[in-house]
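As C-alpha cells, the structure follows; a few thoughts come after it.
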Amino acid sequence: MENKEKTTIVLFSGELDKAIAAFIIANGAAAYDHDVTIFFTFWGLNTLRKDEVVTTQKGFLEKAFGWMMPRGANKLGLSKMNFAGIGPQMIKHVMKKHNALSLPQLIELAQEQGVKLVACTMTMDLLGLQQEELLDGLEYAGVAAYLGDASNAKVNLFI
C-alpha cells in the first residue's frame with residue numbers, strides 16, 4: 001500500500017474568510033488524494049456549531065459564551081471589512097455570483113472527501129461547547145492527536 005501525502009490545518013480563527021480559505025485548501029489537498037485533518041480550536045470551533053439552538057445543561061458562564069459566539073458557518077464575521085455584518089453578506093453574494101461554493105457547502109464537500117474534522121476537546125470544555133451543539137460526523141480529540149497527524153504531514157497550516 002502506498003503512503004498518502006498528509007496535510008493538516010489548525011483552524012484557530014472563527015472568521016468567515018479564514019474558514020473558507022482553510023476549507024478550500026483542505027478540499028484541494030483531498031482532491032489530490034492527501035489525508036487531510038482540520039483541527040478546530042478556540043474560535044474556529046464556531047465554524048462547526050449547528051445553526052439551530054440545541055438545549056443543553058450548562059452553567060451561566062458556558063451559556064454566556066454560547067450567546068456571544070457565532071452559531072455556525074452561516075453566522076461568522078469577516079476578519080476585515082465586517083461592517084456590522086454587511087461584509088459577510090457582500091462576500092457571500094460575490095461568491096454566489098461567481099459560482100463558488102459557500103462555507104456550508106465546502107464543509108459538506110470536505111466530509112464527502114473524507115477530510116477528518118477534529119474538534120478540540122479541551123477548548124470545548126473551556127468554552128462550554130458540547131458535542132450535541134456541533135455538526136454530525138466529527139471526531140473529538142486533544143492536541144496530542146493533532147500532533148500525531150501533524151508529525152507525519154508535509155503540509156501543516158495554522159489559520
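Heavy atoms only: backbone and side chains are in, while hydrogens, waters and symmetry mates are out.
Residues L138 and L48 have side chains in contact (heavy-atom distance under 4.5 Å, counting atoms from C-beta outward). Under the 4.5 Å side-chain criterion, counting only non-hydrogen atoms from C-beta, C120 is not in contact with V143. Looking at heavy atoms from C-beta onward, M69 lies out of side-chain contact with L45 at the 4.5 angstrom threshold. By the 4.5 Å heavy-atom criterion applied to side chains, V118 and Y140 are not counted as neighbours. Residues K50 and D136 have side chains in contact (heavy-atom distance under 4.5 Å, counting atoms from C-beta outward). By the 4.5 Å heavy-atom criterion applied to side chains, M81 and M90 are not counted as neighbours. E112 is listed as a side-chain neighbour of E108, based on a closest heavy-atom distance under 4.5 Å. No side-chain heavy atom of V115 sits less than 4.5 Å from a side-chain heavy atom of T37.
Between L117 and F23, the shortest heavy-atom contact is CD2-CE2, 4.0 Å.
Under the 4.5 Å side-chain heavy-atom criterion for Ile, Leu, Val, Met, Phe, Trp and Tyr, V155 and F158 are members of the same hydrophobic cluster.
Between K6 and D149 there is no salt bridge, since none of the side-chain N atoms of the basic residue sits less than 4.0 Å from a carboxylate O of the acidic one.
In this structure, a donor-acceptor pair under 3.5 Å is present between the side chains of T8 and Y146.
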